[in-house]
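Note on naming: letters A, B, ... go to the chains in the order of the sequence lines (proteins, then strands), and numbering restarts at 1 for each one. Note: hydrogens, waters and symmetry copies are ignored here, and every other heavy atom, side chains too, is used.
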Number of protein chains: 2
Amino acid sequence: MKGIRQLAEHLNISIGTVSRALNGKPDVNQETRRRVLAAAEELGYVANQSGRSLRQGETKVIGLMIESSKETVENADNFFLGVTSGLQSVFARHKLDLIMLPCPSDEDPHEYLKRMVARRIVDAMIISDTQRVDRRIDFLSRAKIPFVALGRSLSASNFPWIDLDFEGVADHAVERLIALGHRRIAITAPSSEANLGYLFIDSYRRALERHDIAFDSSLVIRVRSSEEGGYQAAHELLLLEERPTAVILIYELMAIGLYRRLMESGVMPGRDLAVIGFRDAPRARFLQPSLSCFRISLYDLGAALGRMLLANMPIYREFYPGDGGNIIWPLELMAGESDAFRVGVMA
Amino acid sequence: MKGIRQLAEHLNISIGTVSRALNGKPDVNQETRRRVLAAAEELGYVANQSGRSLRQGETKVIGLMIESSKETVENADNFFLGVTSGLQSVFARHKLDLIMLPCPSDEDPHEYLKRMVARRIVDAMIISDTQRVDRRIDFLSRAKIPFVALGRSLSASNFPWIDLDFEGVADHAVERLIALGHRRIAITAPSSEANLGYLFIDSYRRALERHDIAFDSSLVIRVRSSEEGGYQAAHELLLLEERPTAVILIYELMAIGLYRRLMESGVMPGRDLAVIGFRDAPRARFLQPSLSCFRISLYDLGAALGRMLLANMPIYREFYPGDGGNIIWPLELMAGESDAFRVGVMA
DNA sequence: CCTACAGTCGTAAACGTTTACGGAGTGCGT
DNA sequence: ACGCACTCCGTAAACGTTTACGACTGTAGG
């Protein structure tokens, strides 16, 4: 089966009518439409995407750009696959397909994005891992490519994004720990330029000051957000002269390494040191003692991203009237055993 | 910047010449080519992929199909991101782009594949998670779409694939454990139809028989290949009347749950029960005691897949003369502490 | 009987490329 | 002066769709 022309010849109908029948246009006889659909099914005809895209200037494909930097590969922990399901649940309603565009680690993400967009293989883009200043956002805005970002950025004043509620998490974590009697609370921050670090630490600082606890920069541990980073964070914590009684992890995977290093020194998490993590990943779920951490439904997040994207595309806007604005995505604390003690009582 | 026509007008050159200049065709003046390339760079022109694909019937895009079933989402553990890097390292040489095609969990993988292929958004396919009988393989063969599979299958007698050396791993693990004095060795098998389970168990059985140890089907634990599955596997092991002294895990992530359940019953992995895993994932790296497991370089695997695919595409075949055949991918044992004891000596 | 109109369908142009073909110009040998 | 080879470039067709436009029916209303 080659193209629509062969299908039309096989039916003794003009190619225009066949196209209209397949695309559900109104001016075609019911009986004709039935025959066309049946023949298409039988011969396994599917429209050639190149021809269609060329004609109508759209591809019905949405791209999800993911960066395959070494750090992402080690840490992503199915984050993207999880989000993908949610996205697809929304896109399926409009016969849109989702493809993932993995940016090679040796290529500049901005250049990669430009290349993909210029080639017109997608109609719209979802970008993640936004940086504090991120040229991709300016580019997409200027080029008028519909997009939505997973993560805030300072690059443009007004663009569609969803971001996790880092500030809420840091705030909640600090309040919770203080309520449990902690006064000396450490926190980890990413070493990269990702935007989340600033918000996270700022909120932590404000929460402390609200309780008249002085901010101590030696308690902000800058390590990679990975298992190894967690190991190193624990190492640095143990070196502090006045050891903190609690630590907040910006990425819960770090808990795995952190636990390990602590136990090597005979420090028991959940008894000698309270630990709270952020953004639960499947692999941290089995820690012992179980980790208190802030969870997120990747599926729901993906669906929200999808709706917001479509709300920003003229053709689909009408279907998603309320989904235009930005979202700070709330997280829910799953209390575990890793911080279940009061300072001075058990420690 | 719209298309090649605008670029041509801007240069006062015919559109044919511009195209030839950009595509490195021989019959174009050096100076003209230089001007064209400069103008293209300046105006940010990139060829519209739809037009190009339509004309030449190829897209310069390779698709990597991944199934986002629940099990995959929980377990994949960046397996695909790792492989992706290797693939891209090969594809970059030919200006091929890789996209990932996530099959929605509610769609039949075979239908999804057909749809993607019919739409002609990719020139070739990499499929994974091959089943014992897998209609995708017949389809791709018949449709003459170049492809390569990650995983063997019985579906077609001759198609390009790479598969992990399950048999070698099971064999090696059994031999190693027997050398350490073990006689009663349990093994886990997947509950799904994936092909690997059969090979794994078969090889395990043969290795045992080689040492005159009777195959005991109660030692083959069928659970999901996940952390939860590991937990359950341990549970079942503990219920056996004559408890095994060693267990081989088909998926090392299971070790996390397994360890947990064992410790709950006071059974110490690496002292009371030897554990060997398969296909190391980053998240198992931090187990305590460290897990003995068979490693694999995802990058190298991806690169091999890429070469094999190109060797099966007429245009690129010449570049990869030796990469046509199938590969059984060897794995290397990384000895850890989880099986480092002799039966009867320490236990 | 004429007009209007709704329901169908065919025709052809257009989308942005690539490429086969042929033409214009130049240089060279006879 | 002529033919020939070579270099460079323009022309136009083709890829597979979608869709604006108009043509052709049949029917209803006047």
Side-chain angles (χ1 to χ4, degrees), chain A residues 1-37 39-40 43-61 95 97 115-123 315, chain B residues 1-37 39-40 43-61 95 97 115-123 315:
Chain A
M1 173 85 302
K2 295 302 303 303
I4 201 175
R5 177 155 286 119
Q6 283 69 26
L7 185 57
E9 284 171 6
H10 177 260
L11 285 164
N12 275 330
I13 301 188
S14 88
I15 136 182
T17 303
V18 173
S19 175
R20 279 192 297 268
L22 291 172
N23 292 17
K25 292 298 159 73
D27 51 350
V28 44
N29 187 295
Q30 278 307 320
E31 168 61 13
T32 315
R33 164 163 299 141
R34 200 195 50 72
R35 284 179 52 218
V36 171
L37 291 177
L43 303 187
Y45 168 80
V46 178
N48 177 313
Q49 186 60 33
S50 301
R52 169 180 287 170
S53 307
L54 182 56
R55 166 64 212 226
Q56 27 191 48
E58 60 174 18
T59 63
K60 300 284 182 192
V61 175
K95 292 191 186 304
D97 274 313
R115 199 156 57 81
M116 286 302 163
V117 165
R119 285 178 63 170
R120 311 281 147 95
I121 67 179
V122 295
D123 289 343
I315 326 178
Chain B
M1 172 87 302
K2 294 302 301 306
I4 202 177
R5 178 154 285 120
Q6 282 68 29
L7 185 57
E9 283 172 6
H10 177 260
L11 285 164
N12 275 331
I13 300 187
S14 87
I15 130 183
T17 304
V18 173
S19 175
R20 280 192 296 268
L22 291 173
N23 292 15
K25 292 298 159 74
D27 51 348
V28 44
N29 185 294
Q30 278 308 318
E31 169 61 10
T32 314
R33 164 164 297 142
R34 198 195 51 71
R35 283 179 54 219
V36 171
L37 290 177
L43 303 186
Y45 169 79
V46 178
N48 178 312
Q49 187 59 33
S50 300
R52 169 180 287 168
S53 307
L54 182 57
R55 166 64 214 225
Q56 30 192 43
E58 59 173 19
T59 64
K60 301 283 183 192
V61 175
K95 293 193 185 303
D97 275 313
R115 201 156 57 81
M116 286 302 164
V117 165
R119 285 178 63 172
R120 313 280 148 93
I121 67 179
V122 296
D123 289 344
I315 327 178

Minimum side-chain heavy-atom gap B:L7-B:L43 below 4.5 Å: yes
Close side-chain approach of B:L22 and B:V36, heavy atoms under 4.5 Å: yes
Sugar-phosphate, base or nothing in reach of B:N29, heavy atoms under 4.0 Å: sugar-phosphate
Sugar-phosphate, base or nothing in reach of B:I15, heavy atoms under 4.0 Å: base
Whole angstrom value for the distance that separates C1' of D:dC9 from CD of B:Q30: 15 Å
Whole-Å distance separating the NZ atom of B:K25 from the P atom of D:dC9: 15 Å
Contact nearer the 5' end of DNA chain D, comparing B:T32 with A:T17: B:T32
Axis deviation across the helix from C:dC1-D:dG30 to C:dT30-D:dA1, five-pair ends, to the nearest 10°: 60°
Under 3.5 Å donor-acceptor, B:D97 side chain and B:V61 backbone: no
Donor-acceptor contact below 3.5 Å, side chain A:R33 vs main chain A:K25: yes
Nucleotides bounding contact with chain A, strand DNA chain C, heavy-atom threshold 4.0 Å: C:dT8 to C:dG16
Shortest non-hydrogen contact between [X] and [Y], atoms and distance:
| X | Y | value |
| --- | --- | --- |
| A:T59 | A:R120 | CG2-O, 3.2 Å |
| A:L11 | A:R35 | O-NH2, 3.1 Å |
| B:L54 | A:S50 | N-CB, 3.9 Å |
| A:A39 | A:H10 | CB-ND1, 4.4 Å |
| B:K60 | B:Q49 | N-NE2, 4.4 Å |

Contacting residues from residues 48-57 of chain B, given that a heavy atom lies under 4.0 angstrom of DNA chain C: B:N48, B:G51, B:R52, B:R55, B:Q56
Rounded distance (nearest 0.5 Å) linking atom OG of A:S14 with atom CD of A:E9: 11.5 Å
B:R20 and B:D27: CA distance, side-chain angles, deciding distance, side chain to side chain contact (heavy atoms under 4.5 Å, CB included) verdict: CA-CA 8 Å; B:R20 280 192 296 268; B:D27 51 348; 3.4 Å; yes
